[in-house]
Amino acid sequence: MRKEERPLLAHDYEQQQIDDHAVFEMAQKERLESAKLSYQQDLDTKRRFAHVMDDCKAYRAAFSNERNEELAKKRDETKRKFEEEKLKRREAVLKVREEQGRKLEQQRWELEEQRLLGEERLAEEQYLTERKVYAKAALQLNIKAERRRLRAEAALRAYLRRREEQIETRRAARRLNRFTLADTVNPESLRRLHL
């Protein structure tokens, strides 16, 4: 910048401030006038609508009552539907629980039946096992008894044979005694003795 322009800068700054202030003042006046005008228009509108206000309030009250009645009806309908759904849900839940209870009871019954069948099978198997054991023991006893009987019969036959031999020996001795008494031994009588 040149030296001559420096003093002009201060003067130009002051002039710009004055212009800005004037523009600001003018903008403020316009805004104030605009606000007054808007306020006046609002008051005029309020005066014009003042006589309609009673009708508007009546309409709003009627509309509000109508709306409240509709809402009350909807609320009652919704409550009724809710209660119906609640009842249906409760019945469905009770039905499901009842069905589950029946299924549990059926399962318990089937388990009990299987347990009883298992016990019956086990008892039958034990009975058959014991029967086999008893049959085997009886067979062994019968075999032992048969052996004892056969031994007893053999012993009896042996005893009878010995008794017969003893009897025969005595008879032979008696016969022999008879012959010795006669002091004559007849070879023919000896032969008869041995026959």
Side-chain angles (χ1 to χ4, degrees), residues 1-140:
M1 278 200 181
R2 295 186 216 144
K3 288 184 181 182
E4 321 68 65
E5 291 179 355
R6 278 189 192 167
L8 293 176
L9 280 177
H11 180 270
D12 189 42
Y13 178 70
E14 286 174 13
Q15 187 61 39
Q16 193 174 356
Q17 277 187 341
I18 292 169
D19 291 342
D20 286 345
H21 188 64
V23 169
F24 174 74
E25 287 292 326
M26 197 183 281
Q28 282 291 83
K29 280 181 186 177
E30 284 179 13
R31 192 178 58 78
L32 191 59
E33 286 175 16
S34 171
K36 282 181 184 179
L37 184 65
S38 176
Y39 177 70
Q40 193 61 40
Q41 286 174 351
D42 289 345
L43 283 177
D44 290 342
T45 305
K46 182 180 179 184
R47 269 187 239 113
R48 273 186 298 145
F49 285 117
H51 71 278
V52 181
M53 197 61 162
D54 294 334
D55 293 336
C56 182
K57 285 181 181 177
Y59 175 76
R60 278 187 177 178
F63 180 76
S64 177
N65 288 340
E66 213 176 283
R67 184 84 172 136
N68 286 341
E69 286 176 9
E70 286 178 17
L71 287 174
K73 284 180 184 176
K74 284 184 179 179
R75 186 173 46 244
D76 292 342
E77 182 68 20
T78 304
K79 189 174 182 181
R80 184 184 61 76
K81 285 182 180 177
F82 177 75
E83 290 298 325
E84 286 177 2
E85 290 298 320
K86 188 176 167 182
L87 184 62
K88 285 179 185 176
R89 177 73 178 142
R90 184 178 290 146
E91 288 174 358
V93 167
L94 288 175
K95 194 173 184 180
V96 166
R97 285 183 184 166
E98 187 178 310
E99 186 65 29
Q100 287 174 344
R102 266 198 302 262
K103 284 182 181 176
L104 284 174
E105 187 62 31
Q106 179 71 21
Q107 287 174 349
R108 270 190 242 129
W109 185 80
E110 288 174 358
L111 287 173
E112 183 65 20
E113 188 175 334
Q114 288 175 357
R115 186 185 66 79
L116 290 174
L117 284 173
E119 287 178 1
E120 285 178 13
R121 252 185 268 132
L122 184 63
E124 188 175 336
E125 288 173 4
Q126 286 177 344
Y127 169 74
L128 291 174
T129 304
E130 288 173 1
R131 191 171 164 190
K132 285 179 184 175
V133 168
Y134 290 144
K136 191 174 180 181
L139 182 63
Q140 288 175 352

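- Considering only heavy atoms from C-beta on, Asp55 stays 4.5 Å or farther from Tyr59 through its side chain.
- No side-chain donor-acceptor contact under 3.5 Å links Gln114 and Glu110.
- Counting heavy atoms from C-beta outward, Glu113 and Trp109 have side chains that approach closer than 4.5 Å.
- In this structure, Leu122 CG and Leu117 CG are separated by 12.5 Å, a value rounded to the nearest 0.5 Å.
- Taken from CZ in Arg89 to CZ in Phe82, the straight-line distance is 12.0 Å, to the nearest 0.5 Å.
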Intermediate values then yes/no, side chain to side chain donor-acceptor pair (under 3.5 Å), Arg31 and Gln28:
CA-CA 5 Å; Arg31 192 178 58 78; Gln28 282 291 83; 3.2 Å; yes
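- Other residues, nucleotides and ligands place no more than 12 heavy atoms under 6.0 Å from the CD atom of Glu124.
- Contact check on Glu99 versus Arg102 returns a salt bridge, with a Lys/Arg side-chain nitrogen under 4.0 Å from an Asp/Glu carboxylate oxygen.
- At a threshold of 4.0 Å, the pair Arg121-Glu125 does not count as salt-bridged, since none of the basic side-chain nitrogens sits closer than that to a carboxylate oxygen.
- Distance check: Asn68 CG to Phe63 CZ gives 10.0 Å after rounding to the nearest 0.5 Å.
- Annotation: the span from Leu37 atom CG to Leu32 atom CG amounts to 11.5 Å, rounded to 0.5 Å.
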Working note: Gln140 + Lys136, criterion side chain to side chain contact (heavy atoms under 4.5 Å, CB included); need CA distance, chi angles, decisive distance, verdict.
CA-CA 6 Å; Gln140 288 175 352; Lys136 191 174 180 181; 4.0 Å; yes
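- Under 4.0 Å is where a charged nitrogen must lie from a carboxylate oxygen, and between Arg108 and Glu105 at least one such pair does.
- The closest donor-acceptor contact from the side chain of Ser34 to the backbone of Glu30 lies at 3.5 Å or more, if one exists at all.
- In this structure, Arg80 places its CZ atom where more than 12 heavy-atom neighbours from other residues, nucleotides or ligands lie under 6.0 Å away.
- Distance OG1/Thr45 to CZ/Arg48: 4.5 Å, rounded to 0.5 Å.
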Please assess Glu91 against Leu94 for the test side chain to side chain contact (heavy atoms under 4.5 Å, CB included), listing each intermediate value before the final yes or no.
CA-CA 5 Å; Glu91 288 174 358; Leu94 288 175; 5.7 Å; no
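- Within the 4.5 Å cutoff, side-chain heavy atoms of Glu77 are placed close to those of Lys81.
- Around CZ of Arg115, the count of heavy atoms belonging to other residues, nucleotides or ligands within 6.0 Å exceeds 12.
- Thr78 and Arg75 form no side-chain donor-acceptor contact under 3.5 Å, judged by distance and modelled atom types alone.
- A salt bridge links Arg47 with Asp44: the closest approach of a Lys/Arg side-chain nitrogen to an acidic carboxylate oxygen falls below 4.0 angstrom.
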Working note: Arg67 + Glu70, criterion side chain to side chain contact (heavy atoms under 4.5 Å, CB included); need CA distance, chi angles, decisive distance, verdict.
CA-CA 5 Å; Arg67 184 84 172 136; Glu70 286 178 17; 4.0 Å; yes
